[in-house]
Amino acid sequence: MADRRAVQVLVIEQPHVARLIDEEEPAPADGQFRVETLYSGLSAGTELTWFKGTNPYLHAAWDPRLGVFRRDRQAAGFPVRAPGYMEVGRVSETGTDAVALGDLVAMAYGHKTAHTVDPLNDRFVPLPPELDPMLGVYVAHMGPICANGLLHAAAEVAGPGALRLGDGVRGRQVLVTGAGVIGLLVALFARHHGAAEVLVADATPKRLEAARALGLEAVDDAEATAWRVVKERWRRDPTDCGADVVFQCRGRTAALAAALRSLRPQGTVIDLAFYQGGAPDLALGEEFHHNGLTIRCAQIGRVPRGLAHLWDRRRLAAETVELLRADGPAIREHLVTDLVPLADAPALLADVAARRRHVIQAVFACPAADRG
């Protein structure tokens, strides 16, 4: 394989300041392969925490032994190099039989124009040739995040015997709070796996429009009254009303409070949101206490306890591919709202952070995408 090569990398140098820098990537070692990035998706919820300087890793150090953030140790700090986790690359050189020249792979290596892969240590997912390459941005990480939410709901119902992703939603009334990328994909997963009904609540007109364009039923929550619609719609008897399960996908504690209010007694919130502040509007002595509710955090770092021998990131990625086979054209049309060159990434981040521009899913196209 070739020697060193030039790579462009997005770097957040300090809060609200990002730029592309040129680097030289070292020559690959034996058994490795190289990819040229075609597309890199923006995970706005997470990446804006880096851009705005609110991410907890910037203010405290994660202690893996104790499982806590510690402020008595040095935090990660700036600069933040190559944020992001939604990449699609084409194999340009290979020293392994794991891939062939021209193969497309989904990975999570951040916003950069190329990457060197060690098959023994790096996670990559070969993409089926019939899949739209742009949709591959969901396969390695974002789709598995959403599928893992359904897996946590399945574990609530079936415990360690949760063999199918739909075990927690099949035949049930499902509410999704938040119609961003995660919320819309979770809603599509729930519908795909047999939910009796799926409602999506959000306050942003463009997101509600996208939900409806995807064939989902949407509830306008601009007045914070979606919970009442849910309670009146799904009534079983005078004291049992509300959603069987709520997937909370909006990073505001007010949304979590509304999710709890929307549940039937002894129901569960599967929480996929990323909160950045305190929780003054989360009154746990109200619905959470009186209705005997459950909040279960579903993050991609782990599958439910007792299921690791059945489910891993690769299986969740395979479930994502199946969803994309079923709903890919609609996702491409209605969820991917912005396709911009990687060179414009710093400006886009600044515009989204300042609310000068609204995106649902922005995808950065790298020069290799133009070469076909």
Side-chain angles (χ1 to χ4, degrees), residues 38-45 85-88 104 106 125-154 164-202 204 206-219 245-247 249-250 270 272 298 300 311 313-339 359-363:
L38 302 183
Y39 301 107
S40 187
L42 173 69
S43 177
Y85 50 70
M86 301 170 63
E87 284 66 55
V88 175
L104 295 180
V125 182
L127 294 176
E130 72 276 9
L131 188 70
D132 181 340
M134 193 180 300
L135 294 178
V137 299
Y138 294 120
V139 172
H141 198 76
M142 179 62 84
I145 287 173
C146 302
N148 196 35
L150 264 75
L151 185 61
H152 278 73
R164 296 173 297 179
L165 198 63
D167 285 350
V169 297
R170 188 172 297 104
R172 307 181 82 199
Q173 277 78 36
V174 174
L175 173 67
V176 177
T177 54
V181 174
I182 289 178
L184 291 175
L185 287 177
V186 165
L188 290 173
F189 265 120
R191 184 179 70 183
H192 182 68
H193 286 280
E197 291 185 89
V198 181
L199 295 182
V200 179
D202 202 285
T204 305
K206 288 185 177 179
R207 294 187 175 195
L208 294 170
E209 181 182 343
R212 294 179 181 122
L214 289 165
L216 299 164
E217 188 165 353
V219 180
V245 60
V246 179
F247 294 94
C249 305
R250 193 177 185 199
I270 305 297
L272 294 98
I300 194 59
W311 289 89
R313 191 82 61 91
R314 190 166 295 277
R315 186 173 176 186
L316 295 171
E319 292 282 355
T320 301
V321 170
E322 290 306 309
L323 178 69
L324 294 173
R325 285 193 172 113
D327 291 309
I331 291 171
R332 175 69 179 85
E333 181 178 358
H334 302 297
L335 193 56
V336 180
T337 55
D338 297 76
L339 177 62
V359 304
I360 299 179
Q361 177 66 72
V363 175

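By convention here, the first residue in the shown sequence is residue 1. Nothing here was measured: the structure is a model prediction, and the numbers come from that model.
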Kindly give the heavy-atom pair with the smallest separation between [X] and [Y], and that separation in Å.
X: Val359; Y: Arg207; answer: O-NH2, 4.0 Å
X: Val200; Y: Gly178; answer: CG1-O, 4.4 Å
X: Val174; Y: Ala190; answer: CG1-CB, 4.3 Å
X: Ile182; Y: Cys249; answer: CG2-SG, 3.9 Å
X: Val245; Y: Ala153; answer: CG2-CB, 4.4 Å
X: Arg314; Y: Pro126; answer: NH1-CD, 4.2 Å

By side chain to side chain donor-acceptor pair (under 3.5 Å), Tyr39 pairs with (sequence neighbours left out) none

Contact between [X] and [Y] at the side-chain level, heavy atoms closer than 4.5 Å - yes or no?
X: His141; Y: Ser43; answer: no
X: Met142; Y: Val137; answer: no
X: Leu335; Y: Leu185; answer: yes
X: Leu214; Y: Asp327; answer: no
X: Arg164; Y: His193; answer: no

To the nearest 0.5 Å, how far apart are [atom1] in [X] and [atom2] in [Y]?
X: Arg212; Y: Glu217; atom1: CZ; atom2: CD; result: 8.5 Å
X: Gln361; Y: Leu42; atom1: CD; atom2: CG; result: 7.0 Å
X: Ile145; Y: Tyr138; atom1: CD1; atom2: OH; result: 12.0 Å
X: Asn148; Y: Leu165; atom1: CG; atom2: CG; result: 9.0 Å
X: Met134; Y: Leu131; atom1: CE; atom2: CG; result: 11.5 Å
X: Leu150; Y: Arg170; atom1: CG; atom2: CZ; result: 10.0 Å

Which residues pass the side-chain contact (heavy atoms from CB on, under 4.5 Å) test with Glu209, not counting sequence neighbours? none

Could you walk me through whether Ile300 and Leu316 pass the side chain to side chain contact (heavy atoms under 4.5 Å, CB included) check? CA-CA 10 Å; Ile300 194 59; Leu316 295 171; 4.1 Å; yes

